[in-house]
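Everything below concerns the one structure shown next.
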Amino acid sequence: LPDIEGEREPYPEEYTIQMALLAFRIKEIVSTFYTHAGKRISVQAGLNCGPAAGAVVGESRRFYCIYGDILNTASRFCSSAGRGKVVCSEMFYQ
């Protein structure tokens, strides 16, 4: 989103709603899968929003990598979420 005179515009509410719905839908779909040992697979998610940067990395095996404190925070939320839980930051919630 544009940075106008040092102030960021808030994300459109629809963006955060769609991200949350996607996280819950992925959780729902993955819960229908089982390991070879018969255990149900589960996911957990951390949601956050803010500035980040991305780039294609690698020569022989290229992949897209995203960098930023916002991603580190989302990763921490994901790590602290219990199995099958979706956790979001206060900024994301607002």
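Note that these values count all heavy atoms, side chains included, but never hydrogens, waters or copies made by symmetry. Computed from a prediction, not measured in an experiment: that's the story for all the values here.
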State yes or no: do Ile17 and Phe92 share one hydrophobic cluster built from I, L, V, M, F, W and Y residues joined by side-chain heavy-atom distances below 4.5 Å, directly or via other members?
no
Could I get the full list of side-chain contact (heavy atoms from CB on, under 4.5 Å) partners for Gln18, not counting sequence neighbours?
Glu14, Leu21
The criterion is side-chain contact (heavy atoms from CB on, under 4.5 Å); which residues satisfy it with Ile41, sequence neighbours excluded?
Val30, Phe33, Thr35
Please set out all donor-acceptor pairs under 3.5 angstrom arising from side-chain atoms of residues 66-88, sequence neighbours excluded.
{"unit_1": "Thr73", "atom_1": "OG1", "unit_2": "Asp69", "atom_2": "O", "d": "3.1"}
{"unit_1": "Ser79", "atom_1": "OG", "unit_2": "Ser75", "atom_2": "O", "d": "3.1"}
{"unit_1": "Ser80", "atom_1": "OG", "unit_2": "Arg76", "atom_2": "O", "d": "3.3"}
{"unit_1": "Ser80", "atom_1": "OG", "unit_2": "Phe77", "atom_2": "O", "d": "3.1"}
{"unit_1": "Arg83", "atom_1": "NE", "unit_2": "Ser42", "atom_2": "OG", "d": "3.4"}
{"unit_1": "Arg83", "atom_1": "NH2", "unit_2": "Ser42", "atom_2": "OG", "d": "3.2"}

Contacts of type side-chain hydrogen bond (donor to acceptor under 3.5 Å, both in side chains), residue Tyr64, not counting sequence neighbours:
none
Name all pairs fulfilling the salt bridge (Lys or Arg N to Asp or Glu O under 4.0 Å) condition that reach into residues 35-51, sequence neighbours left out, sorted by first residue then second.
none
Show every salt bridge (Lys or Arg N to Asp or Glu O under 4.0 Å) that has at least one partner inside residues 20-32, sequence neighbours left out.
Arg25-Glu28
Hey, what else clusters with Tyr93 if you join Ile, Leu, Val, Met, Phe, Trp, Tyr whenever side-chain heavy atoms sit under 4.5 Å?
none
List the atom pairs, with distances to 0.1 Å, where a side-chain N or O of residues 51-58 and a protein N or O form a donor-acceptor pair under 3.5 Å, not counting sequence neighbours.
none

Do you reckon Met19 sits in the same ILVMFWY cluster as Ile26, going by side-chain contacts under 4.5 Å, direct or chained?
no
Any side chain to side chain donor-acceptor pair (under 3.5 Å) involving residues 46-62? Give me the pairs, sequence neighbours left out, ordered by first then second residue.
Asn48-Ser89
